[in-house]
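Contents: one structure, followed by commentary.
Quick note: numbers below take in every heavy atom, side chains included, and nothing from hydrogens, waters or symmetry partners. Numbers for residues simply follow the sequence, beginning at 1. Owing to the predicted nature of the structure, the values given are computational and were not obtained by experimental measurement.
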Amino acid sequence: MASPTKIILFTLPNYLIIYTDFSVERLSGEDVVDPGLDPATGVTSKDVVINPSTGLYARLYLPINPSSSSSSSNDQKLPLLVYYHGGGFVIESPKSPNYHYYLNSLCSEARMAIVSVGYRRAPENRLPVAYEDSWEALQ
């Protein structure tokens, strides 16, 4: 028996299709890169869960051997950048290759710690959820 054909409710060309059963098909921004040590930049990244009940997470980036820069002290403090990825709250994530590789490079060059927030995306999660997740991650 053939499966029923899905009926398109809304299309955002090249990015997303929403069907009448409210399922979502993303056409872009779904590629992912695993965290870990990037040998090209010496940056280590890892994913951490901020709120298990909502799935809010962040990807953390740290330069290798941060104390080996200008200061000889082992308790050197690093500047912190909180990064919110693009994608119109609909596509992309901190795991997306473009953001991951860019933040590896930025972290290495600027010698800073970076927190890239993985907020919940629309349309499955209606606004202002992404704003609320972003604020919770910042706190």
Side-chain angles (χ1 to χ4, degrees):
M1 181 177 205
S3 61
T5 304
K6 288 188 167 192
I7 300 170
I8 295 174
L9 178 66
F10 176 78
T11 300
L12 185 58
N14 300 321
Y15 296 105
L16 154 101
I17 299 171
I18 303 174
Y19 297 97
T20 52
D21 66 357
F22 297 107
S23 61
V24 176
E25 179 181 354
R26 286 187 171 79
L27 307 174
S28 176
E30 289 299 289
D31 295 335
V32 298
V33 176
D34 292 329
L37 175 62
D38 179 25
T41 60
V43 170
T44 301
S45 60
K46 75 177 196 173
D47 293 337
V48 295
V49 176
I50 297 171
N51 186 338
S53 66
T54 63
L56 176 60
Y57 76 97
R59 181 162 284 185
L60 308 178
Y61 296 84
L62 286 173
I64 196 164
N65 235 350
S67 61
S68 67
S69 61
S70 61
S71 171
S72 62
S73 171
N74 285 336
D75 61 351
Q76 177 192 5
K77 295 180 180 177
L78 295 174
L80 175 67
L81 171 70
V82 179
Y83 187 84
Y84 300 98
H85 66 84
F89 300 116
V90 177
I91 60 171
E92 304 290 348
S93 77
K95 299 176 183 181
S96 298
N98 286 344
Y99 299 116
H100 178 78
Y101 295 127
Y102 169 70
L103 293 177
N104 273 335
S105 175
L106 181 61
C107 179
S108 174
E109 292 294 319
R111 308 291 299 164
M112 68 171 63
I114 300 175
V115 176
S116 181
V117 179
Y119 52 78
R120 292 173 283 172
R121 299 176 296 176
E124 300 92 343
N125 303 283
R126 298 182 68 161
L127 289 176
V129 166
Y131 296 115
E132 292 165 351
D133 285 354
S134 297
W135 178 245
E136 183 178 359
L138 186 62
Q139 290 177 326

Euclidean distance, D34 CG relative to H100 NE2, rounded to 0.5 Å: 8.5 Å
Inter-residue atom distance Y84.OH - Y131.OH, 0.5 Å rounding: 12.0 Å
Worked verdict on Y83 versus Y99 for side chain to side chain contact (heavy atoms under 4.5 Å, CB included): CA-CA 10 Å; Y83 187 84; Y99 299 116; 3.4 Å; yes
Side-chain touch N14/S28, heavy atoms, less than 4.5 angstrom: no
Derivation of the side chain to side chain contact (heavy atoms under 4.5 Å, CB included) call for I91 and L27: CA-CA 9 Å; I91 60 171; L27 307 174; over 6 Å; no
CA sep, side-chain torsions, deciding dist, call: L106, L81, side chain to side chain contact (heavy atoms under 4.5 Å, CB included): CA-CA 10 Å; L106 181 61; L81 171 70; 3.6 Å; yes
Connected via hydrophobic side-chain network under 4.5 Å: L9 and V24: yes
F10 vs I17 side-chain heavy atoms within contact, under 4.5 Å: no
Side-chain (S108) to main-chain (N104) donor-acceptor, under 3.5 angstrom: no
Main-chain N/O of L56 paired with D133 side-chain donor or acceptor, under 3.5 Å: no
Any side-chain heavy-atom pair of C107 and P63 under 4.5 Å: yes
Cluster link V32 to Y102, ILVMFWY, side chain under 4.5 Å: no
Within one Ile-Leu-Val-Met-Phe-Trp-Tyr cluster: L12 and I18, side-chain cutoff 4.5 Å: yes
Worked verdict on S93 versus Y57 for side chain to side chain contact (heavy atoms under 4.5 Å, CB included): CA-CA 10 Å; S93 77; Y57 76 97; 3.8 Å; yes
Pairing residues for T41 by the side-chain hydrogen bond (donor to acceptor under 3.5 Å, both in side chains) criterion, not counting sequence neighbours: D38
Distance-minimising heavy-atom pair for A113 and L62: CB-CD2, 3.7 Å
Side chain to side chain donor-acceptor pair (under 3.5 Å) partners of residues 43-54, not counting sequence neighbours, each pair once: D47-R59, N51-S53, N51-E136
Polar side-chain atom of Y119 near backbone of H85 as donor-acceptor pair, under 3.5 Å: yes
Heavy atoms from other residues, nucleotides or ligands near OH of Y15 exceed 12 (cutoff 6.0 Å): no
Atom pair CG/CG of N125 and L127 - distance to nearest 0.5 Å: 9.5 Å
Verify same cluster id: V33, L37 (apolar side-chain graph, 4.5 Å): no
E124: partners by salt bridge (Lys or Arg N to Asp or Glu O under 4.0 Å), with sequence neighbours left out: R26
Between CZ on residue R120 and CZ on residue R126, distance to nearest 0.5 Å: 14.0 Å
Name of the residue among V48, L80, L138 meeting side chain to side chain contact (heavy atoms under 4.5 Å, CB included) with V115: L80
Polar side chain donor-acceptor pair, D21 to S23, under 3.5 angstrom: yes
Same apolar cluster (I L V M F W Y, side chains within < 4.5 Å links), M112/L103: yes
